[in-house]
Amino acid sequence: FLGAGGGNDIQWCFSQVKGAVDDDVAEADIISTVEFNHSGELLATGDKGGRVVIFQQEQENKTQSHSRGEYNVYSTFQSHEPEFDYLKSLEIEEKINKIRWLPQKNAAQFLLSTNDKTIKLWKISERDKRPEGYNLKEEDGRYRDPTTVTTLRVPVFRPMDLMVEASPRRIFANAHTYHINSISINSDYETYLSADDLRINLWHLEITDRSFNIVDIKPANMEELTEVITAAEFHPNSCSTFVYSSSKGTIRLCDMRASALCDRHSKLFEEPEDPSNRSFFSEIISSISDVKFSHSGRYMMTRDYLSVKIWDLNMENRPVETYQVHEYLRSKLCSLYENDCIFDKFECCWNGLDRQVEFFSVLHFSIVMTGSYNNFFRMFDRNTKRDITLEASRENNKPRTVLKPRKVCASGKRKKDEISVDSLDFNKKILHTAWHPKENIIAVATTNNLYIFQDKMN
Amino acid sequence: MLGKGGKRKFDEHEDGLEGKVVSPTDGPSKVSYTLQRQTIFNISLMKLYNHRPLTEPSLQKTVLINNMLRRIQEELKQEGSLRPMFVTASQPADPLSDNFREAQPAFSHLASQPLLPTDFVSTMPLESCLTPASLLEDDTFCTSPAVQHDGPTKPPPPALQPVKDSFSSALDEIEELCPAPTSAEAVAAETAADDSKAHPSESNIHKPEGLPESRTAESKLMDSLPGNFEITASTGFLTDLTLDDILFADIDTSMYDFDPCTSATGAASKMAPVSADELLKTLAPYSSQPVTPNQPFKMDLTELDHIMEVLVGS
């Protein structure tokens with residue numbers, strides 16, 4: 001597995017952990033989404049309480065070349081509040097389902113955050129100067145008596161303690177009857193899509209009172225509903241192409257140029273069922289919880305309950321690669337159905353840097369990462385075909401100490417240091433992970449803590 | 001049990017009850033398949049109908065559970081079509097026998113397996129099958145008074161007249177294991193050590209026989225369901241089985257003790273993954289030792305006795 005040596009094997013070390021230490025998890029602190037911005041300098045998390053916390057990476061200290069900058073809290077704000085739907089007599093959760101950053105165009109940073117019903121565009125800006133020396137106002141803001149003004153001066157900007165302000169610039173509301181599961185910014189950086197269980201809408205970032213419905217799978221008779229949309233994403237390069245995944249394990253690629261309503265897909269990606277693995281739960285575990293394009297746009301990755309699959313966009317009938325995340329759970333599906341774990345939505349991500357230049361040669365590496373239970377997370381190296389299981393835990397995690405690989409013993413004799421399936425803690429799930437776009441730094445969210453790991457730099 | 005002719009090892013057997021294909025055509029394993037199917041059916045129903053969230057339930061989850069129920073119902077219908085008796089009618093109220101037969105799939109649960117097509121003889125006495133609660137209301141249903149009283153509150157281990165010997169011994173084992181009240185407690189004690197598991201759904205399931213007409217009860221239930229429950233409210237897939245029969249009958253939940261509340265907060269997740277699997281293992285002891293599954297219950301009974309003594313005696 002990774003870490004066993006070799007040229008470009010990454011050795012992951014603990015760097016930081018954010019969040020409360022105690023085991024008693026406050027519901028509002030449960031992390032629900034994690035996302036690096038385009039430069040990697042900022043790392044945003046959303047939680048069940050509707051808050052967004054943004055961490056900023058310290059500028060690299062020249063003297064401390066053995067580690068990259070640490071992430072410290074940059075801004076915290078309440079993005080969404082709980083609401084009440086009076087028609088249905090139901091609460092609308094304030095939980096942040098997704099955060100997506102816009103590429104930086106000026107000094108301010110912009111991100112989209114969404115709960116089940118409403119998407120908001122937030123502007124995060126810094127203020128480190130303030131004007132001083134007004135003629136008519138005192139420094140504390142009180143107005144001066146004009147008769148006491150004898151001289152005039154020009155107010156100047158003086159430095160002040162850095163203040164980071166977040167303000168909502170756009171609110172995109174009332175366009176979704178069902179729960180929003182995805183938002184994705186188009187490569188034109190002007191439009192974005194939002195997807196709920198049955199519909200996908202296209203928005204312009206500047207326009208909040210109108211959105212275009214581009215996919216609608218709601219049947220005329222709801223009794224006939226057997227499939228829902230689970231995730232959607234724009235192609236990274238082609239601004240008219242997007243994909244959406246379903247609860248039946250299919251992915252549809254649509255081209256917006258084909259028609260206004262993209263109910264007919266251009267491509268349908270689906271792997272035929274393996275008859276030897278059929279069970280009552282086949283459909284449920286085939287439901288796709290996340291779909292992510294590769295940076296090149298040539299491949300896409302899907303996550304279902306037990307595996308990660310890599311698809312070549314040119315081949316619809318089966319994935320090109322399949323990686324088993326926790327196959328040992330296949331025999332526990334009934335229990336996992338009973339306690340609802342089978343409905344857990346794991347996300348997946350690609351490594352950030354597609355290539356790295358080393359000694360004048362260009363090495364391509366491609367690693368995908370996803371979470372599991374017991375605070376384990378998994379990485380699959382697509383080139384070496386090696387995989388590794390690591391744990392996000394406060395114990396045994398010292399900075400710059402390489403993480404020890406974990407192993408789950410499926411059955412039979414448990415070796416030393418292995419963990420048996422029955423000892424796994426299904427409360428400790430890692431659903432959200434993110435990879436820095438340029439460096440080997442990863443952010444892994446446990447229930448209420450955020451772990452940051454980086455590779456060991458020599 | 002896997003039906004592929006491979007030698008069965010202990011590990012495989014442990015895994016084999018779940019996930020893997022348990023073909024409905026294998027001998028005793030057919031019962032375990034049916035058991036598993038019934039368990040999943042009941043769990044699915046409870047998930048749909050006991051969930052009273054403040055927020056809207058996840059549509060994806062609802063759809064997946066619905067699909068599960070539909071699939072099982074389709075299977076039941078197909079199996080039922082092997083016997084003419086099992087043809088589903090859309091008017092469950094009228095011929096009592098029809099109503100009775102249709103209701104069978106809903107609770108041919110642990111104690112009796114009247115569902116098994118090859119085993120069924122049309123002359124099977126009514127006493128040997130469970131009676132849906134709604135039927136007990138019906139005055140005209142008076143052919144077997146024994147059934148009326150025994151029905152939902154105390155599912156008796158019926159004296160089935162099985163066709164095959166091996167099958168009958170297997171069934172007897174199931175009956176021994178299955179819900180008489182004390183053994184049910186023992187199972188509950190064994191599989192759910194968490195005392196704090198209140199079971200709010202209990203009151204919903206173990207409704208007394210004094211039920212109103214099935215239709216009004218159903219509509220009441222529908223009204224009380226929160227918001228966007230369009231799918232389950234229409235219950236297209238349930239029209240053949242009277243909703244009442246399933247919901248208000250005495251489904252014994254002690255065997256798979258789970259608590260929707262704790263599963264939401266995840267309090268006892270560590271226990272839960274163990275219970276359903278072990279449940280299935282203990283309920284279908286077709287590997288080799290018929291004796292073993294009884295022993296845990298006996299042990300727990302003595303433990304219970306001991307605990308009672310401690311509580312009361314000292």
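Here is the naming used below: chain letters follow the sequence lines, and residue numbers restart at 1 for every chain. These numbers come from the heavy atoms of this one structure, side chains and all, not from hydrogens, waters or symmetry mates.
Heavy atoms of Thr230(A) lying under 4.5 Å from chain B belong exclusively to its side chain. Residue contact with chain B, scored on non-hydrogen atoms closer than 4.5 Å, involves the side chain of Ser287(A) exclusively. Looking at Phe343(A), the atoms closer than 4.5 Å to chain B (heavy atoms on both sides) all sit in the side chain, from C-beta outward. For a residue to count as touching a neighbouring chain, one of its non-hydrogen atoms must lie under 4.5 Å from one of that chain's; by this rule Lys95(A) does not touch chain B. For Ile342(A), no part lies near chain B; criterion is any non-hydrogen pair under 4.5 Å.
Partners of Lys117(A) by salt bridge (charged side-chain N to carboxylate O under 4.0 Å, His left out), not counting sequence neighbours: none found. Qualifying salt bridge (charged side-chain N to carboxylate O under 4.0 Å, His left out) partners for Asp85(A), counting only residues two or more places apart in sequence or in other chains: none.
By the 4.0 Å N-to-carboxylate-O rule, Arg70(B) lies too far from Glu283(A) to be salt-bridged with it.
More than 12 heavy atoms of other shown residues, nucleotides or ligands fall within 6.0 angstrom of atom CG in Asp216(A).
For an aromatic pair to be called close, the ring centres must be under 6.0 Å apart, and Phe280(A) with Tyr33(B) satisfies this.
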